[in-house]
Amino acid sequence: MFDISTFMLSQSLVAVAIIFDLISFQCKLRKHILSCLVIAGLFISAHFFFIVAMDGGLLNAVGCESLSDQHFYSSQKVTACFHGNGCIGLWYHLYWSIKHIELHRVLFTN
């Protein structure tokens with residue numbers, strides 16, 4: 001599915017993301033913490049895209065968008081909007097997962 005160089009690149013992205021996560025523990029200012037978490041999330045999102053896990057990459061990208069908006073805005077309305085979108089995304093994912101299981105059962109059982 002993917003060669004060793006793609007695998008090594010994706011693992012390197014996760015290692016860099018872990019470093020940014022650890023740096024975020026050392027920061028005292030909220031903006032610095034959120035910046036480190038956004039950068040780590042972008043590296044993790046890229047990791048998922050490299051291993052062709054589009055669901056994980058897209059969900060993590062939405063999470064990075066939420067964190068970056070919290071970096072600039074402290075509005076509860078913006079936060080509620082992202083929580084609502086997250087609930088809709090979770091419902092959509094669960095709905096199609098259940099449909100896929102039902103289709104698999106219909107197609108592959110006697």
Side-chain angles (χ1 to χ4, degrees):
M1 181 172 222
F2 51 87
D3 58 356
I4 192 71
S5 62
T6 306
F7 177 76
M8 291 304 293
L9 179 62
S10 71
Q11 296 305 308
S12 300
L13 290 171
V14 170
V16 172
I18 290 171
I19 291 169
F20 275 101
D21 279 337
L22 293 175
I23 291 171
S24 74
F25 288 118
Q26 302 303 316
C27 297
K28 294 188 188 282
L29 295 175
R30 181 176 184 265
K31 288 193 174 200
H32 294 160
I33 294 168
L34 289 174
S35 296
C36 288
L37 292 176
V38 167
I39 293 169
L42 290 174
F43 279 115
I44 292 172
S45 184
H47 158 75
F48 281 122
F49 285 125
F50 273 113
I51 62 170
V52 194
M54 297 302 166
D55 289 346
L58 289 173
L59 287 173
N60 212 339
V62 169
C64 288
E65 172 68 23
S66 172
L67 281 175
S68 64
D69 281 346
Q70 289 178 14
H71 183 279
F72 297 109
Y73 309 110
S74 296
S75 171
Q76 291 182 350
K77 292 179 183 177
V78 173
T79 305
C81 178
F82 279 107
H83 286 299
N85 286 339
C87 291
I88 291 169
L90 179 64
W91 175 84
Y92 179 80
H93 179 71
L94 290 174
Y95 175 79
W96 285 108
S97 296
I98 291 170
K99 287 293 184 186
H100 178 74
I101 291 169
E102 290 173 358
L103 180 65
H104 188 271
R105 186 180 49 207
V106 167
L107 290 176
F108 298 108
T109 58
N110 293 333

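No experiment lies behind these values; they were computed from the predicted model shown. When reading the values below, keep in mind they use all heavy atoms of this one structure, side chains included, and skip hydrogens, waters and symmetry mates.
Contacts of Phe49 classified as side-chain contact (heavy atoms from CB on, under 4.5 Å), with partners at least two apart in sequence or in another chain: Ser45, Met54, Leu58. For Leu13, the side-chain contact (heavy atoms from CB on, under 4.5 Å) criterion is met by Phe43, Ala46, His47, Phe50, not counting sequence neighbours.
In terms of heavy atoms, Val38 sits closest to Cys64 at O-SG, 3.8 Å.
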Contacts table for residues 15-28: side-chain donor-acceptor under 3.5 angstrom, sequence neighbours left out:
residue	atom	partner	partner atom	Å
Ser24	OG	Asp21	O	2.5

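When hydrophobic clusters are built by joining Ile, Leu, Val, Met, Phe, Trp and Tyr residues whose side-chain heavy atoms come closer than 4.5 Å, directly or via intermediates, Leu37 is not grouped with Val14.
To the nearest 0.5 Å, the span separating CZ on Arg30 from OG on Ser35 amounts to 10.5 Å. To the nearest 0.5 Å, atom CG of residue Asn60 and atom CG of residue Leu42 are 8.0 Å apart.
Cluster partners of Leu29, using a side-chain heavy-atom cutoff of under 4.5 Å among ILVMFWY residues and allowing indirect links: none.
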